[in-house]
**Student:** 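Before we start, here is the structure in question, set down as structure tokens.
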Protein chains: 2
Amino acid sequence: MIAKKKINIYDVARIANVSTATVSRVLNNKSSVSPETRRKVQEAIKQLNYRPSAIARGLVLKHTKTVGILATDITAPNYARTACAMERELFQIGYNAILCNTGGSIENNKTYLQMLVNLGVCGIICIGSVFKNTLQETLMLSEFSHVPFVLSHCQIPADNTYSVVIDEMHGVQLCVEHLKEKGHKDILYVKDADTYSGERKKAAFKENMARLGLPITDKSIFNTYRSFEGGIAVVKEILASGARFSAIIFGDDITAAGGLFALKKAGYKVPQDVAIIGYNNSPSSICCDPQLTTVDNKTDIMGNLSVKLLQTVIEGKETTRLLSVTPELIVREST
Amino acid sequence: MIAKKKINIYDVARIANVSTATVSRVLNNKSSVSPETRRKVQEAIKQLNYRPSAIARGLVLKHTKTVGILATDITAPNYARTACAMERELFQIGYNAILCNTGGSIENNKTYLQMLVNLGVCGIICIGSVFKNTLQETLMLSEFSHVPFVLSHCQIPADNTYSVVIDEMHGVQLCVEHLKEKGHKDILYVKDADTYSGERKKAAFKENMARLGLPITDKSIFNTYRSFEGGIAVVKEILASGARFSAIIFGDDITAAGGLFALKKAGYKVPQDVAIIGYNNSPSSICCDPQLTTVDNKTDIMGNLSVKLLQTVIEGKETTRLLSVTPELIVREST
DNA sequence: TACTTTTATGTAAGCGTTTCCCTTTACTTA
DNA sequence: TAAGTAAAGGGAAACGCTTACATAAAAGTA
């Protein structure tokens, strides 16, 4: 570590033979600096290889030009892609992104939220259901409500929040309609996450089945945990339950992949004997054999919209509180 | 937005009837504060719900207690998991993590690097080959060499850097030996990324084939791009080339999955006609049918070690410059 | 010409912390 | 008892920037 004296705005001012105010002005592209002076200053900056300290700037401005992204699990391809899209978009409009992976624990969330605020972020975007419990969530967020934030892939029953969500209702509707068209009647739904969208999809399933006049019984919906193993386990349970079915909709591709695996092991042919639909259009869905029909929920658009929404909130403009994006059914070999 | 006056250390000092110096002392657990005073101050802090500004603190301390993680592509499960592990570990030892997804362009990298420095990070960890070109990389990093940094999943030919890498040589060795044991002689390698580890793996392949006395010709190594489609394309190329082979090692699972797909379409049975090995033990590898034999490169350990290494560098202690972790072969159905 | 306005620049006061350097008080110790 | 030491806490400078205010020069304007 070479002890390198950090050069500051005074050094630049001295070299350029002007005041720090002037340097600051050229730094921030303020008007009323003569071309000649501007040139001198820029030269000095280049010569000294000077970079303004974001921290000092943050102190006086009361904010750093950054926004925090709080993600429950960056390991989920879906969230990872959304986060990437946000990052790109933010970068585009001059913001830096601080990505935090909370793992979903309430304690972690609170700590990270606090840290982001202390760090002077201009806004916060939460990806996914940040807290497990919605009440908790509402309370928690109200504590930080003085900093603009938007919820992505999630929505909570509080009227002071902004969210952009995927239209789960529509996504599931596409699945059910597609299956019905293919002649299926006995359709099962596997819920694999206790999150906002998990609940939404389940509700959407019931509603759409009813709407299309398809049978829905107490053996229409099964629960498991999101993973390959979870998929295997739930299929075993389904088989053991004696439920009638010719198609299964899973809440996520990886769970669907596990289910597919178990189904094939049990002697079922997919899609001949049973059709399968996954969710999220993750890389895994394309690796399955047969390749999974799945729902793409437009992670890029989600990310972009979230950022746009946050921007308007930051700028204090009026805007709608809820943005909904329409997912798309990707039909492949499993149906 | 409620205009909430941010309360500061002066407010606390006033309420607790002490000086700001004392408040600062209890904040930082410094000695020589009487229990009585400490209690008073803590009470005031609680009463006002005061949180010290990380920015102001950063300004005087010359650093915020954060480290930057520069990742080429957070969308790659491998890197995502490493980043998560780092984040957890950093959080553990009291650091905040700023995760940046650069997309790999030189321009982006430079900008992000600069931003991190300006933000006062204590250190930087780069995941993956940050720059495409190694020379560039060396130059670039030397420009930022006054802030401690470590390279993860990458290593460059400069003697002032610290890296933790996966022992690619060993990983590929495991693959080749495993294949040889299974009776394979004509083994192909598909390189799918122009990165540090891509090059390493290719070199390791050649070396191990030679060491084990297996044939290596100008049709032993093929190139493609990392993706499902890339896998399909390269298999078509292999088939068209007339190369002899009974096994293929891919540089990544997703490419292997594409290759598997193409192979099956072409009428090959896996593993009977041809064995396949992927790399990275990603979720996709388990979704394939047959499930892919693959190499797990210990993302958690990589993450943890990177952080530990960075910590010792930050603390200025002597340490080894290169840490190498040993990957593990996960044998599944495709071999 | 004498005035008002505009433009270009400098001065210095913050922003919210930490910490160096004092002072005061209390306690030892010979 | 007097001098010395340690503990507790305060005052104020410093960190590197932005910007309100002040000032001076240049340019209009009647």
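Naming convention: chains lettered A, B, ... in sequence-line order (proteins, then strands); numbering from 1 in each chain.
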**Student:** What does A:R38 touch in the nucleic acid at a heavy-atom separation under 4.0 angstrom: a base, only the sugar-phosphate, or nothing?
**Tutor:** nothing

**Student:** Measure the distance from CG on B:N29 to P on C:dT18 and round it to the nearest whole Å.
**Tutor:** 12 Å

**Student:** Using whole Å, what does the distance between atom C1' of nucleotide C:dG14 and atom CZ of A:R57 come to?
**Tutor:** 17 Å

**Student:** Report the distance from atom CG of A:L119 to atom P of C:dG16, rounded to the nearest whole Å.
**Tutor:** 16 Å

**Student:** Measure CD1/A:I55 against C1'/D:dC15 and give the value in whole Å, please.
**Tutor:** 10 Å

**Student:** Please tell me if A:Y10 has a side-chain N or O lying less than 4.0 Å from either OP1 or OP2 of C:dG10.
**Tutor:** no

**Student:** Please tabulate, one pair per line, each protein N/O and nucleotide N/O from nucleotides 21-28 of chain C that are separated by under 3.5 Å, including the distance.
**Tutor:**
none

**Student:** Picking from C:dG16, D:dG9, D:dT19, which would you name as closest to the side chain of B:T37?
**Tutor:** D:dG9

**Student:** Report yes if some heavy atom in the side chain of A:Y162 is under 4.5 Å from a heavy atom in the side chain of A:L310; otherwise report no.
**Tutor:** no

**Student:** State, without any angle test, whether A:S152 and A:S306 hold a side-chain donor-acceptor pair at a distance under 3.5 Å.
**Tutor:** yes

**Student:** What's the shortest heavy-atom distance between B:C154 and B:Y196, and which atoms?
**Tutor:** CA-CD2, 3.4 Å

**Student:** Choosing from C:dT17, D:dA12, C:dC15, which nucleotide comes nearest the side chain of A:L59?
**Tutor:** C:dC15

**Student:** Mapping B:K62 and B:V33 onto DNA chain D by nearest heavy atom, which one lands closer to the 5' end?
**Tutor:** B:V33

**Student:** Between B:H153 and B:S197, do the side chains contain an N or O donor and an N or O acceptor separated by less than 3.5 Å?
**Tutor:** no

**Student:** Which nucleotide sits closest to the side chain of B:S19: D:dG10, D:dC17, C:dT18?
**Tutor:** D:dG10

**Student:** Any side-chain N or O of A:N28 less than 4.0 Å from the OP1 or OP2 oxygen of D:dT18?
**Tutor:** yes

**Student:** Taking NZ, NE, NH1 and NH2 as the nitrogens, is one of them in A:R39 or A:E36 under 4.0 Å from a carboxylate oxygen of the other?
**Tutor:** yes

**Student:** Between B:K40 (NZ) and D:dG9 (C1'), how many Å, whole number?
**Tutor:** 10 Å

**Student:** Side chain of B:V60, heavy atoms from C-beta onward: which of C:dT18, C:dA8, D:dT18 has the nearest atom to it?
**Tutor:** C:dT18

**Student:** When you compare the side chain of B:N118 with that of B:Q114, does any pair of heavy atoms fall below 4.5 Å?
**Tutor:** yes

**Student:** If you check the A:T20 side chain, which of C:dA12, C:dT17, C:dT18 turns out closest?
**Tutor:** C:dA12

**Student:** Nearest to the side chain of B:S34, heavy atoms from C-beta on, is which of D:dC17, D:dG9, C:dG16?
**Tutor:** D:dG9

**Student:** Please give, in whole Å, the distance from C:dT17 C1' to B:K30 NZ?
**Tutor:** 12 Å

**Student:** Got a second to check how far A:L305's CG is from A:S324's OG, nearest 0.5 Å?
**Tutor:** 10.0 Å

**Student:** Hey, does the side chain of B:T22 come within less than 4.0 Å of D:dG10's phosphate (OP1/OP2), counting only N and O?
**Tutor:** yes

**Student:** Compare side-chain N and O positions of A:S53 against OP1 and OP2 of D:dG16 and report whether any pair is under 4.0 Å apart.
**Tutor:** no

**Student:** Using whole Å, report how far CZ of A:R51 lies from P of D:dC17.
**Tutor:** 13 Å

**Student:** Rounded to whole Å, please give me the gap between CZ in A:R39 and P in C:dA8.
**Tutor:** 16 Å

**Student:** Any sub-3.5 Å donor-acceptor pair from B:N304's side-chain atoms to B:V307's backbone N or O?
**Tutor:** no

**Student:** Which part of the nucleic acid does B:L61 contact within heavy-atom distance under 4.0 Å: base, sugar-phosphate only, or nothing?
**Tutor:** sugar-phosphate

**Student:** Tell me whether the OP1 or OP2 atom of D:dA8 has a side-chain N or O from B:S32 closer than 4.0 Å.
**Tutor:** no

